[in-house]
Visitor: 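Attaching a single structure in structure tokens format; questions to follow.
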Amino acid sequence: MAKPPLSMKPTGWFQVAWSDEIGIGDVHKMKYFDQEMVAWRAESGELTVMNAYCEHLGAHLGYGGQVVGEVLQCPFHGWQWNQQGRNVRIPYQDHPNRGRRIRTYPVVERNESVYIWHDVQRREPYFEAPDVFAAFGDGSSAGDYYPQQRLYRAGLELHPQYVLENGVDFAHFKFVHHTPIVPVFTRHDFADAVSYVDFTITFEGDDGQRIEDVNSGVQAINGGLGIAVTKSWGMVDNRTISAITPVDESTSDVRFMVYIGRSPGKDPERAERKACEFGQEVIRQFTQDIDIWAHQRYSDPPGLTTDEYEGFTAIRAWAKQFYEKG
């Protein structure tokens with residue numbers, strides 16, 4: 001695999017699991033940012049994500065490690081590590097090793113997802129992971145929607161920035177998703193670490209439509225390079241979350257989640273079935289993009305048209321803040 005020209009270790013919030021994959025007492029193995037990690041849930045329900053190797057003799061805590069109350073116990077010699085990565089007990093010695101510590105990561109559980117904060121310089125989080133409901137300020141909550149539908153594709157040769165750039169790429173909608181008309185962007189706001197993109201779009205009708213007559217569109221919020229949430233308006237009420245997380249120097253895991261708004265009616269089973277069908281259609285459209293991203297070569301500088309210049313230039317300038325300088 002060819003190494004992408006962009007760093008695969010950007011700063012920000014990135015999804016590493018779904019919350020329901022890690023029950024109380026579970027130790028979940030994973031690899032992200034070229035680092036073996038474990039996520040474990042204590043008896044209290046608190047979730048910890050840390051590097052995987054015990055600081056004693058290097059045993060991998062994901063292979064036989066056990067949750068004991070509020071600590072993780074190494075399978076090799078029983079050393080116990082707390083939620084801050086500190087050794088708190090050595091069973092054959094009367095005091096712990098206070099000098100050794102396993103790296104832990106800031107964790108947020110939101111929208112049924114587990115996000116970690118990754119930063120090469122180990123700075124504390126300086127922006128929040130966006131909530132697919134609260135971020136739009138319309139008072140909505142998960143209870144207003146049918147259960148989350150999901151897509152997971154592991155180890156694809158792509159970079160998170162490819163996905164974010166797709167959000168300003170108006171021309172691809174007609175050719176990839178077969179929309180009848182090209183959308184019009186009404187907002188590009190890249191002033192802060194969390195950015196905003198709104199556009200008018202429709203997936204119905206024919207080439208004879210005018211964009212001025214379209215009364216539907218999408219609002220997107222990008223929480224750094226790792227998470228993008230969207231809200232659709234004027235169409236079937238849906239929210240989406242796309243989360244792209246680097247695994248190593250060449251590949252990323254892709255997760256995509258869809259919520260469809262609940263429809264009051266006389267036949268709730270039929271309404272839920274239709275919602276499931278629409279959610280699968282939204283996922284299908286996202287896979288159309290994945291098939292391109294996974295075989296894309298990053299073009300720098302790109303050969304942009306005049307109309308494309310503003311959006312792509314703005315998002316690439318915004319993205320630079322998430323990479324280590326130098």
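This is a predicted model, so every value here is computed, not measured.
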Visitor: Measuring centre to centre across the rings, with the benzene-like ring taken for any Trp, is Trp233 within less than 6.0 Å of Phe136?
Guide: no
Visitor: For the aromatic rings, using the six-membered ring if either is Trp, is the centroid distance between Tyr259 and Phe133 under 6.0 Å?
Guide: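 Between Phe133 and Tyr259, which both carry aromatic rings, the centre distance is below 6.0 Å.
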Visitor: Please assess Glu21 against His28 for the test side-chain hydrogen bond (donor to acceptor under 3.5 Å, both in side chains), listing each intermediate value before the final yes or no.
Guide: CA-CA 8 Å; Glu21 292 182 295; His28 183 77; 4.6 Å; no
Visitor: Only one of Tyr32, Tyr105, Phe33 passes ring pair (Phe, Tyr, Trp, His ring centres under 6.0 Å) with Phe14; say which it is.
Guide: Phe33
Visitor: So which heavy atom on Asp291 is nearest to which on His295, and how close?
Guide: O-ND1, 2.9 Å
Visitor: Does a side-chain heavy-atom distance below 4.5 Å link Lys9 with Tyr323?
Guide: no
Visitor: So, Thr245 versus Ser252: side-chain donor-acceptor pair below 3.5 Å or not?
Guide: no
Visitor: If hydrophobic residues (ILVMFWY) are linked whenever their side-chain heavy atoms come closer than 4.5 Å, directly or via other members, who joins Leu57 in its cluster?
Guide: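 Phe76, listed by chain and number.
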Visitor: For the atom pair CD1 (Ile315) and CG (Asp169), what is the distance rounded to the nearest 0.5 Å?
Guide: 10.0 Å
Visitor: So, do His172 and Phe175 have ring centers that fall under 6.0 Å from each other?
Guide: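 His172 vs Phe175: aromatic centres not under 6.0 Å.
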Visitor: Between the side chain of Arg89 and the main-chain N/O of Gln80, is any donor-acceptor distance below 3.5 Å?
Guide: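 No; zero donor-acceptor contacts below 3.5 Å.
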Visitor: Please verify the inter-ring angle class for Trp318 with Phe322; under 30° counts as parallel, over 60° as perpendicular, anything in between as tilted.
Guide: perpendicular
Visitor: Would a line drawn from the ring center of Phe199 to the ring center of Phe173 be shorter than 6.0 Å?
Guide: yes
Visitor: Name the orientation class of the two ring planes belonging to His56 and Tyr92 (parallel below 30°, tilted from 30 to 60°, perpendicular beyond 60°).
Guide: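 Rings of His56 and Tyr92: tilted, 30 to 60°.
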Visitor: Which atom pair, heavy atoms only, marks the closest approach of Ser195 to Phe190?
Guide: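 Looking at all heavy atoms of both residues, the closest pair is CB-CD2, 3.3 Å.
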Visitor: If two hydrophobic side chains count as joined below 4.5 Å and joins carry through other members, does Trp13 share a cluster with Val194?
Guide: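 Yes, it is one cluster - the side chains of Trp13 and Val194 are joined through contacts under 4.5 Å.
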Visitor: For Asn222 and Ala228, which heavy atoms make the closest approach, and how far apart are they?
Guide: OD1-CB, 3.4 Å
Visitor: Determine the interplanar angle of the Trp117 and Tyr126 rings, folded into 0 to 90°, and report it as parallel if under 30°, tilted if 30 to 60°, perpendicular if over 60°.
Guide: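 Answer is perpendicular, since the angle exceeds 60°.
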Visitor: Taking the six-membered ring for Trp, are the ring centroids of Trp293 and Phe286 within less than 6.0 Å of each other?
Guide: yes
Visitor: If two hydrophobic side chains count as joined below 4.5 Å and joins carry through other members, does Trp81 share a cluster with Tyr63?
Guide: no
Visitor: By the definition side-chain contact (heavy atoms from CB on, under 4.5 Å), identify the one residue from Ile244, Ile241, Asn111 that meets it with Ile227.
Guide: Ile241
Visitor: Students often mix this up, so state it plainly: with edges at 30° and 60°, are the rings of His188 and Phe185 parallel, tilted or perpendicular?
Guide: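 Because their plane-to-plane angle lies in the 30° to 60° range, the rings of His188 and Phe185 count as tilted.
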